Amino acid sequence: MKEPLLCVDNLTTRFTTSSGTVLAVDRVSFSISRGEVLGIVGESGSGKSQIFMSIAGLLPPNGQVSGEARFLGRNLIGADESELNRIRGRALAFVFQDPMTALHPFRTIASQLTEMLRLHRGLDHGAARAEALRLLDRVHIPDAKRRLDMYPHELSGGMRQRVMIAMSISCNPRLLIADEPTTALDVTVQLQVLDLLDELRRDEGIAIALITHDMGVVSRLSDRVIVIYAGNIVEEGTTEEVLLSPTHPYTQGLLASMPDLYRPLSALSPIPGYPPDGRQARKGCMFAPRCSRAQNVCRDVFPELTARTGRQRQACHFPISGSQGLAS
Amino acid sequence: MINMSPSEGSEEGLRVRNLSVTYRISRGPFRRPDELRALRDVDLDIAPGRSLGVVGESGSGKSSMARAFLRLQSLSGGKIVWRGHDITQMTEEAFRHMRPDIQMVFQDPLASLNPRMQVADLIAEPLLTHRRDLGKVERRKIVIETMGRVGLRPEFAERYPHQLSGGQAQRVGIARAIVLSPKLLICDEAVSALDVSVQAQVLTLLKQLQEEMGLSLLFISHDLAVVRYVSDDIIVLYLGRLVEYAPRDILFENPRHPYTRALISSVLSSNPRIEREHRSPPIGGDIPSPINPPSGCPFHTRCPIAEAICREKMPELRHWPDGARVACHVANRGLVPPSETTLKGMQ
């Protein structure tokens, strides 16, 4: 079997803070194949972004990582800066939530794009400008020629996010880490940007790690999904499996607490309690205090991620079987 | 103006007519400031105990609306009539007497709470301002009672905002808003900053409080699925214009304005089969700048059914027999015979 594009094994990330050690990512293992979209779903503080910050070596100095993350055959954990710099922005690219903070406010779109193309791809000025124009066209920015000489504030939020995507694909990445790429956008624009990401995957075979809190976004774009709670993967499966027949009570609770236009109004039912903040002692299942199915074993024994029912994997001692899942 | 809603004639609820808000935006010295017409001629009614959802994207004017109701924003036109009194014409003194009736829940719970006050004092603060007749013991009693109502256990009384999670902080925000037993609660993106699992808790709480206390609710949000959950009636705003009003089920089952349709079909479902099988392509284009809105109907630049007239003339809001009101030249052609709104000018 061909090795996956990215293969993460037993990844653990800790932060040392003045109020103790925070375990942000706890024994996480997963993989992403070429051209695949993996949805990484979790709420704020779940550690979903920290997984990828750890992999890309972008943690603040107080973060420590253990485990392995093999990308294109190389382990990135513990790799030196120069090696990471050869990979980041090229084979491994990012798109963040807020394009306004990622773009330089005082420089034109052209100058930001061409700088990157000259630096990473060694193009001369003329070639870089032509390539910048091609990239803006590629992400469907209308009137691209005129937009090249604009400043970020002159563009709408959707256009800015397209510029960010143009930058991130400028060096032909194999994996695009998209962290809440549409969260800051208006709904009518969100769909356009998701469709653009889908197109890039289809046409250029770019794999996407789609980090989001929004099950709708995952449902639209992902092939497979992992659900993160308190730094652990609690469920993994294809998008259809996880969203249509969730087996982990947290996944089911998350789906049931999302208002959905395509479900009856009465279906909204919140998960009681609040997510833990990462400083708590880790014993047993982290979701147990909020879980209606929890029994004594859940408070004592950590549930490993395994396939207990079918192909779907879940970290739960008492997984929900098919018939008890959400009706589609 | 004709008013078809159940509150007509009564002096009870909220009645807003021709609400207009204009901002002047400086372009630097010696240049005429730009005008940003955030809201133009918006009419709405909320009867006692009813909830009205307001949906719109960036630039729709929805936040200006919330601010106008609390007089945090002056109007460039129109009136806001609360229980028979136009609050825009009131003296400061008279408005202060009315202020306990109208309370607001804000988007960012932590930013709206004084970090140096304990939860109990934060909730007691409105009582100190508006209910000077209360003694310390009575005040404490109301605070604890209110905490119970919003699902905060008594041990939270001594906590500070930084010791609260987002959901708990929003409960404190709601407690502050309901402690004076208001009649109208304005929620401006009140659950948007919360995590999904907590958002549902707060939504359920708001709905339950509305029913228990008989509150009128004005619920402003960019999220149509959330608005659907709490609203009896819904208005849709686009670039400061009201484009459609309808009772909830009518709006979702039979949206008539092409923008409402686009908005509804842009909402993603967590059901991947729906996403993969029956998904119309997204509507194109961007929301134009509200500083320089399109002529005629503001939606015509993105509208799939726009005609020549749409570029020239802003469509009138017309009443449909089922209670919907729609501002669209093309959609309203389905409305025969010409509706009673043609009488409007004579009244």
Side-chain angles (χ1 to χ4, degrees), chain A residues 41-46 140 142 155-159 182 185-195 213-222 225 229 238-244 250 253-263 265 267-275 277 290 326 328, chain B residues 55-60 151 164-168 191 193-205 207 221-230 238 248-249 252 259 262-276 278-289 302:
Chain A
V41 187
E43 298 180 271
S44 43
S46 62
H140 308 307
L155 301 179
S156 68
M159 286 301 149
T182 59
L185 303 178
D186 279 309
V187 280
T188 54
V189 178
Q190 157 168 297
L191 205 53
Q192 300 169 2
V193 171
L194 288 178
D195 284 5
H213 70 285
D214 187 337
M215 288 289 196
V217 167
V218 162
S219 153
R220 174 92 180 157
L221 199 58
S222 308
V225 182
Y229 187 79
T238 66
T239 303
E240 290 234 342
E241 285 166 350
V242 173
L243 300 196
L244 292 181
Y250 175 63
L254 208 52
L255 284 163
S257 54
M258 240 188 84
D260 191 318
L261 286 189
Y262 299 88
R263 281 211 310 264
L265 269 175
L268 194 69
S269 77
I271 306 175
Y274 304 96
D277 73 354
R290 304 175 73 188
L326 274 184
S328 58
Chain B
V55 258
E57 300 180 278
S58 316
S60 65
L164 305 174
S165 69
Q168 288 158 348
V191 301
L194 303 177
D195 268 316
V196 184
S197 74
V198 177
Q199 173 179 307
Q201 293 175 7
V202 174
L203 276 179
T204 316
L205 172 67
K207 205 169 165 178
S221 174
H222 70 284
D223 187 334
L224 206 51
V226 164
V227 163
R228 167 176 174 254
Y229 184 71
V230 289
Y238 188 77
R248 178 190 59 215
D249 294 343
F252 285 103
Y259 177 62
L263 206 54
I264 291 175
S265 68
S266 300
V267 178
L268 298 171
S269 168
S270 58
N271 184 332
R273 284 189 197 140
I274 290 175
E275 280 312 317
R276 270 142 223 210
H278 104 107
R279 161 66 64 195
S280 42
I283 181 169
D286 261 319
I287 303 167
S289 160
R302 306 172 75 192

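What's counted below: heavy atoms across the whole structure, side chains too, no hydrogens, waters or symmetry copies. If you're wondering where the values come from, they're calculated on a predicted model, not measured in any experiment.
Of the residues A/V225, A/L221, A/L243, the one that meets the side chain to side chain contact (heavy atoms under 4.5 Å, CB included) test with B/P272 is A/L243. The side chain to side chain contact (heavy atoms under 4.5 Å, CB included) with B/I283 is formed by just one residue from the set A/V189, A/L191, A/T188; it is A/T188.
In terms of heavy atoms, A/S156 sits closest to B/D286 at OG-OD2, 2.7 Å. For B/Q201 against A/I271, the heavy-atom pair with the smallest separation is NE2-O, 2.5 Å. Residues A/E43 and B/D195 approach most closely at OE2-CB, 3.1 Å, considering heavy atoms. When all heavy atoms of B/S197 and A/S257 are compared, the closest pair comes out as CA-OG, 3.7 Å.
If you measure heavy-atom distances from B/T204 to chain A, the contacts under 4.5 Å come from the side chain alone. Using a 4.5 Å cut-off between heavy atoms, A/P142 makes no contact with chain B at all. Looking at A/V218, the atoms closer than 4.5 Å to chain B (heavy atoms on both sides) all sit in the backbone: N, CA, C or O. The part of A/D195 that comes within reach of chain B is its side chain, from C-beta onward, which places non-hydrogen atoms under 4.5 angstrom from that chain. When heavy atoms are compared at a cutoff of 4.5 Å, B/Y229 approaches chain A by way of both its backbone and its side chain. Contacts of B/I264 with chain A are made by both backbone and side-chain atoms, with heavy-atom separations under 4.5 Å. For B/S289, no part sits under 4.5 Å from any heavy atom of chain A, backbone or side chain.
Two residues are said to be in side-chain contact when any heavy atoms from C-beta on lie closer than 4.5 Å; A/T239 and B/R276 meet this criterion.
We find the CG-CZ distance between A/L265 and B/R248 to be 4.5 Å, quoted to the nearest 0.5 Å. Considering CG of B/N271 and CG of A/L261, their distance stands at 12.5 Å, rounded to 0.5 Å. With rounding to the nearest 0.5 Å, the separation of OH in A/Y262 from CZ in B/R273 is 16.0 Å. We find the CG-OG1 distance between B/L268 and A/T182 to be 7.5 Å, quoted to the nearest 0.5 Å. To the nearest 0.5 Å, atoms CZ (B/R228) and CG (A/D260) are separated by 8.0 Å.
Contact count versus chain B (heavy atoms, under 4.5 Å) is highest, among A/M215, A/R290, A/E240, A/M258, for A/E240. Most heavy-atom pairs under 4.5 Å with chain B: of the set A/G45, A/S219, A/P259, this distinction falls to A/S219. Chain A forms the most heavy-atom pairs under 4.5 Å with one residue out of B/Q168, B/R302, B/H222, B/E57, and that residue is B/E57. Between chain B and the options A/V187, A/L185, A/L254, the largest number of non-hydrogen pairs under 4.5 Å is found for A/V187. Note: B/S266 leads B/S165, B/S266, B/P288 in heavy-atom pairs under 4.5 Å with chain A.
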Determine, stepwise, if the pair A/D186 / B/I287 fulfils side chain to side chain contact (heavy atoms under 4.5 Å, CB included).
CA-CA 9 Å; A/D186 279 309; B/I287 303 167; 3.2 Å; yes
